[in-house]
Amino acid sequence: MTQPPPTPTPCPILHLDLGPLDLNLLGLHVHLNEVVLNVEAIPGAGNLLGNLLCAIAGLLDNVDLSGVLGNLLQNLLDALIRLLQGLGAGGGAARPLVPPA
């Protein structure tokens, strides 16, 4: 007797947990106690989207996102400083805008 293949482990894609929401839409009052949204991808044979999303979600495993985001922010700040220095012609006090006589 053959055993069925094991059930693949789902990959978590999104977990969204919203508390109570009160909306007033032009006189229509909507009250939601709690909204919980879980999106999971199921890999396996024939599950094209599940396989793709699990592969993409796995790309960020073991990546230090705080370090990556910190480096991106530092590079952005450095570029902004260089841009501002270039606009100020080397820094120093700003010249007043006086029309020529």
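Bear in mind that the values here come from a model prediction, so they are computed numbers and not experimental data.
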Donor-acceptor contacts, no H, no angles, side chain residues 26-33, under 3.5 Å, sequence neighbours left out:
residue: H31; atom: ND1; partner: D22; partner atom: OD1; Å: 2.3
residue: H31; atom: NE2; partner: N33; partner atom: OD1; Å: 2.9

Is there a path from [X] to [Y] through hydrophobic residues (I, L, V, M, F, W, Y) whose side chains come within less than 4.5 Å of each other?
X	Y	answer
V68	L59	no
L21	L37	yes
V39	L18	yes

Please report, to 0.1 Å, the donor-acceptor pairs under 3.5 Å made by any side chain of residues 70-82, with sequence neighbours excluded.
residue: N71; atom: ND2; partner: G67; partner atom: O; Å: 3.4
residue: Q74; atom: NE2; partner: D78; partner atom: OD1; Å: 3.0
residue: N75; atom: ND2; partner: N71; partner atom: O; Å: 3.3

If you look at every heavy atom in [X] and [Y], which pair is closest and at what distance?
X	Y	answer
A57	P12	CB-O, 4.5 Å
P43	C54	CD-SG, 3.7 Å
A41	I13	N-CG1, 3.8 Å

Rounded to the nearest 0.5 Å, what separation is found between the CG atom of D17 and the CD atom of E34?
->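 So the CG of D17 and the CD of E34 are separated by 5.0 Å.
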
What is the distance from atom CG of L53 to atom CG of L48, rounded to the nearest 0.5 Å?
-> 9.5 Å

Please tell me if the side chains of V36 and H15 come closer than 4.5 Å, counting only heavy atoms from C-beta onward.
->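 Answer yes - side chains close enough.
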
